[in-house]
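Please read all numbers here as calculations on a predicted model, not as lab measurements. We're numbering straight along the sequence, starting at 1.
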Amino acid sequence: RGYEMASLDTTAFGRDWANMYLQRIGSCQLKLGHDDEAAKTFNMLREKAEALAMEHPDKAEYQKSCLIIANNIISVYLNHRKYSNITSWLTMMEEALKRYAVAETSREKYEKYRSMLICNKAIILAMTGHKKEGEAAYQEYLKTDRAKTYYGIYDQAFYLECSEQWDKLL
């Protein structure tokens, strides 16, 4: 119902909200085991979110929406151990980060999303058999400000769990 109502609003703001609802719908589909439906929803979402971001390249909030959407989809695939579905979302996140760097003047905000991308890469690399590259990305992540926050501690624990570095978890 939320997506239905938001999709009636054709303003950029309304389209952005509709995209966020689509992301939630796709995540629910995946959680319920409807992988193909989720993939279709996510792909439709990607098209809509990237189109909005391209229409407004100077608006950091629409670039940020692409970052958040990609990060959330990566998270849901990670939590369901569906690593083969993540590569295209990392690419979306990388491209959105480039656009965000141009549109956003706050270095702190940019660094927040850059560190999230680095952590996602570390986990994916570790989980797809690229342990050394994953560890290198993880070490890069540890140098970020985010790694020192509560969110960062959670990210670290998730990486260490995924890469089976149990001794470092304790």
Side-chain angles (χ1 to χ4, degrees), residues 19-20 22-51 53-54 62-102 104 107-170:
N19 290 340
M20 294 300 174
L22 264 182
Q23 187 264 305
R24 288 183 182 96
I25 291 168
S27 294
C28 289
Q29 290 168 325
L30 189 67
K31 289 175 186 176
L32 292 170
H34 303 288
D35 295 13
D36 292 338
E37 287 178 45
K40 288 177 188 173
T41 300
F42 288 155
N43 287 328
M44 179 174 63
L45 168 59
R46 179 198 323 266
E47 289 176 18
K48 291 174 178 280
E50 288 185 332
M54 298 298 185
Y62 302 128
Q63 312 315 318
K64 182 172 105 175
S65 287
C66 285
L67 286 165
I68 292 169
I69 287 167
N71 188 67
N72 289 346
I73 292 171
I74 289 168
S75 292
V76 77
Y77 276 131
L78 283 173
N79 287 324
H80 286 86
R81 307 289 196 238
K82 297 184 183 294
Y83 308 116
S84 62
N85 300 72
I86 295 175
T87 305
S88 66
W89 298 102
L90 280 174
T91 301
M92 179 182 176
M93 199 170 179
E94 288 171 335
E95 294 302 315
L97 187 63
K98 290 176 191 172
R99 294 190 308 268
Y100 189 69
V102 173
E104 178 57 61
R107 190 74 183 158
E108 183 179 319
K109 290 178 183 178
Y110 168 81
E111 285 299 324
K112 170 186 171 183
Y113 292 106
R114 187 182 79 79
S115 65
M116 292 166 73
L117 174 62
I118 293 168
C119 187
N120 285 334
K121 280 184 175 181
I123 295 167
I124 298 311
L125 287 166
M127 296 312 298
T128 56
H130 305 278
K131 302 268 186 212
K132 286 184 182 179
E133 295 94 334
E135 184 62 26
Y138 177 67
Q139 292 304 318
E140 182 181 350
Y141 175 73
L142 291 177
K143 296 174 188 170
T144 68
D145 288 341
R146 180 180 170 88
K148 298 164 188 74
T149 67
Y150 288 118
Y151 293 113
I153 292 167
Y154 172 82
D155 292 342
Q156 290 176 50
F158 191 63
Y159 169 80
L160 294 171
E161 175 192 347
C162 290
S163 61
E164 298 181 352
Q165 297 183 46
W166 311 114
D167 57 322
K168 293 181 183 176
L169 265 172
L170 302 175

Open item on the list: Side chains of Glu37 and Leu30, heavy atoms from C-beta outward: is any pair under 4.5 Å?
Closed with: no
Task: Main-chain N/O of Ala147 paired with Gln156 side-chain donor or acceptor, under 3.5 Å - done: yes
Task: Side chain to side chain, Asn79 and Phe158, heavy atoms closer than 4.5 Å - done: yes
Task: Interatomic distance, His80 atom NE2 to Ser27 atom OG [nearest 0.5 angstrom] - done: 9.0 Å
Open item on the list: Could you go through Gln139 and Leu142, starting from their C-alpha distance and side-chain angles, then the distance that decides it, and tell me whether this counts as side chain to side chain contact (heavy atoms under 4.5 Å, CB included)?
Closed with: CA-CA 5 Å; Gln139 292 304 318; Leu142 291 177; 3.7 Å; yes
Task: CG-CG distance between Leu160 and Asp167, expressed to the nearest 0.5 angstrom - done: 8.5 Å
TODO: Would you mind reporting whether Trp166 and Glu161 have side-chain heavy atoms less than 4.5 Å apart?
DONE: yes
Task: Side chain to side chain, Trp89 and Ile124, heavy atoms closer than 4.5 Å - done: no
Task: Separation of Asn85 CG from Asp35 CG (nearest 0.5 Å) - done: 7.5 Å
- [ ] Would you mind reporting whether Arg81 and Cys162 have side-chain heavy atoms less than 4.5 Å apart?
- [x] yes
Task: For the student: nearest non-hydrogen atoms of Ala49 and Cys66, plus distance - done: O-SG, 3.5 Å
- [ ] Report the residue from His130, Glu133, Glu94 that forms a side chain to side chain donor-acceptor pair (under 3.5 Å) with Lys121.
- [x] Glu94
TODO: Check whether any side-chain heavy atom of Arg114 lies under 4.5 Å from a side-chain heavy atom of Glu111, and answer yes or no.
DONE: yes
Open item on the list: As an exercise, state the distance from OH of Tyr77 to CZ of Phe42, rounded to the nearest 0.5 Å.
Closed with: 5.0 Å
TODO: Enter the distance from Ile73:CD1 to Leu90:CG here, rounded to the nearest 0.5 Å.
DONE: 11.5 Å
Open item on the list: Working to the nearest 0.5 angstrom, can you tell me the gap between Leu97 CG and Glu104 CD?
Closed with: 11.0 Å
TODO: Evaluate the side-chain proximity of Asn71 to Tyr113: yes if any heavy-atom separation is below 4.5 Å, no if none is.
DONE: no
Open item on the list: Looking at Lys109, I want to see if its NZ is surrounded by more than 12 non-hydrogen atoms of other residues, nucleotides or ligands under 6.0 Å.
Closed with: no
TODO: Please confirm whether the backbone N or O of Thr87 pairs with a side-chain atom of Thr91, one donor and one acceptor, at under 3.5 Å?
DONE: yes
TODO: Determine the minimum heavy-atom distance between Leu125 and Ala137, stating which atoms define it.
DONE: CD1-CB, 4.5 Å
Task: Minimum heavy-atom distance Gln63-Ala53, with the two atoms named - done: NE2-O, 3.0 Å
Open item on the list: Testing the basics here: between Thr128 and Tyr83, what is the closest heavy-atom pair and its distance to 0.1 Å?
Closed with: CG2-CB, 4.1 Å
TODO: Indicate whether any N or O donor in one side chain lies under 3.5 Å from an N or O acceptor in the other, for Glu135 and Tyr159.
DONE: yes
Task: Exercise: identify the closest heavy-atom pair between Ala38 and Gly26 - done: CB-O, 3.4 Å
- [ ] Under the side chain to side chain contact (heavy atoms under 4.5 Å, CB included) rule, what do Lys64 and Ile68 come out as? Steps first, then yes or no, please.
- [x] CA-CA 6 Å; Lys64 182 172 105 175; Ile68 292 169; 3.8 Å; yes
Task: Check: Thr144 main-chain N/O paired with Lys148 side-chain donor or acceptor under 3.5 Å - done: yes
Open item on the list: To check you understand the geometry: which heavy-atom pair defines the closest contact between Arg146 and Lys112, and what is its length?
Closed with: CD-O, 4.1 Å
Open item on the list: Is any side-chain heavy atom of Arg46 closer than 4.5 Å to one of Ser88?
Closed with: yes
TODO: Applying side chain to side chain contact (heavy atoms under 4.5 Å, CB included) between Leu67 and each of Arg99, Glu95, Met93, Met116, report the one that passes.
DONE: Met93
